[in-house]
Amino acid sequence: MWIAKRLLSSFVLKGHYSLFCRPPSSLPEYELRFLHCTCCKRSRIMVSGFDTLNSSISSELCQENDKPLDSCYTAEQRAAILQRLNTATESELAQVKLLRGRKAVNIIDYRTRHGPFNSLESVINVPLLKHKSAVIVFDSILKPADSKERKKGKVNLAKFIRPEVDRALLEDTSSIVSIVCGTNKIAWTHMDQAKTVLDWQQAECKSFMKGTYMASDYLKDISTVISSFPAADFFVVEKPSISPQNTSLYPVMVHLRTVEAMLFALLTPAREPGCPPKVLNMLRTAIGRHFNLIVGDCRTSGAETVRKMMTESVMKQDPRVLFPHDLVLKHRNSFEMRSRNRGEELCDALLQAVAFFELLQE
């Protein structure tokens, strides 16, 4: 104990450079500031000179779940937010951050049943909209220019599109052909930027999963299918999500990879260096997450989602997807559970096309 005291006094008094005495240097003097602890928001921790991210006043005021949402905004801001939520169509709501897909549908369903929103606090009664997500939605409505800035230039779309393409080219797309391969079928959907279904078909391929995967037989069937494809700006091929660790599904994985490779080879035209690719991959799991079809590690059927889109196309004035009447009649029974030849590939091809355009709007 005596030795420890002597050492401590010598460091302090003699000016030895240690934890208690900073050596002379050119380091700048830091201004002491306080940060809120994430564990205890009322506690203050002293820090020096660290820049923190700027956030809106509303986000800071509403970071606690028990803080009333209406008290976080001025009267003018509340009026602007409620005006947008009470009058916007589903497609207009989808342009607001976090309001794509099911949340936009839930907002319209809620105001149809209960009338227009009278306060910001009432918005959290909408399914899938909690306190924190509501704050993000409100701030996005008040500052739409921020989302536009994020869309400019080339961004990384590797989360759901491969290979990477300049976003401006994707946003200027007039139409795509979405292609999904099954164990014995290839289905495709031709859709334009307004999410109007221009064509929707599937074809059986008799050589699939037969014998030893003869390349010549595969090539013949796939070439026949491709000859029916319409012209489009991009061809989007589904990227299967089968894990190579599952050895029982190895034959299926080999089959899907073979068809995918042939589709890329046959659909890709000769192009000069620097030209963007015309054939793209879209991750199956990304589409499943977009439509809330992922349960655990598996993707469930999207047949119910497609049936609802078809019904809305007939019943609603501003549907999520517009189907021509003849295609509704043609495929209205293709997704029934009792059907022996259920059109899962047709369903997946349509959902992939819808997800392609909707993910670009984020």
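Everything quoted here is computed from the prediction, not taken from an experiment. Numbering of residues begins at 1 and proceeds along the displayed sequence.
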Exercise for the section: For W200 and H190, run ring pair (Phe, Tyr, Trp, His ring centres under 6.0 Å): C-alpha distance rounded to whole Å, both residues' side-chain angles, the deciding distance at 0.1 Å, then the answer. Expected result: CA-CA 6 Å; W200 194 20; H190 187 205; over 10 Å; no
Exercise for the section: Tell me whether L322 is reachable from F356 by hopping between hydrophobic residues (I, L, V, M, F, W, Y) whose side-chain heavy atoms are closer than 4.5 Å. Expected result: no
Problem - Partner residues of K195 under the salt bridge (Lys or Arg N to Asp or Glu O under 4.0 Å) criterion, sequence neighbours left out - result: E358
Handout entry: Under-4.0 Å salt bridge between K308 and E304
Key = no
Handout entry: Cluster overlap V105 with V306, hydrophobic side-chain contacts below 4.5 Å
Key = no
Problem - Shortest non-hydrogen contact between S71 and P68, atoms and distance - result: OG-O, 2.7 Å
Practice task
Quick one: do V180 and Q352 satisfy side-chain contact (heavy atoms from CB on, under 4.5 Å)? Show the steps, please.
Solution key: CA-CA 8 Å; V180 170; Q352 180 172 257; 4.2 Å; yes
Handout entry: Pairing residues for D233 by the side chain to side chain donor-acceptor pair (under 3.5 Å) criterion, not counting sequence neighbours
Key = S174
Practice task
Please indicate whether Q83 has more than 12 foreign heavy atoms, meaning atoms of other residues, nucleotides or ligands, lying under 6.0 Å from its CD.
Solution key: no
Problem - C181 and its side chain to side chain contact (heavy atoms under 4.5 Å, CB included) partner, picked from E345, H255, E238, M262 - result: H255
Exercise for the section: Count the heavy atoms of every other residue, nucleotide or ligand shown that sit under 6.0 Å from NZ of K130, and state whether that count exceeds 12. Expected result: no
Exercise for the section: Mind listing the closest non-hydrogen atom pair of A168 and D166 along with its distance? Expected result: N-OD1, 3.0 Å
Problem - side chain to side chain donor-acceptor pair (under 3.5 Å) partners of D199, counting only residues at least two apart - result: Q201
Exercise for the section: Go through the steps for L350 and S178 under the test side-chain contact (heavy atoms from CB on, under 4.5 Å), then give the verdict. Expected result: CA-CA 7 Å; L350 178 77; S178 170; over 6 Å; no
Problem - Donor-acceptor under 3.5 Å (R320 side chain, S313 main chain) - result: no
Practice task
Look up atom NE2 in H290 and atom OG1 in T285, then write down how far apart they are to the nearest 0.5 Å.
Solution key: 13.5 Å
Problem - Any M309 side-chain heavy atom under 4.5 Å of V354 side chain - result: yes
Handout entry: Nearest non-hydrogen partners of A355 and F291, listed with the distance
Key = CB-CE1, 3.9 Å
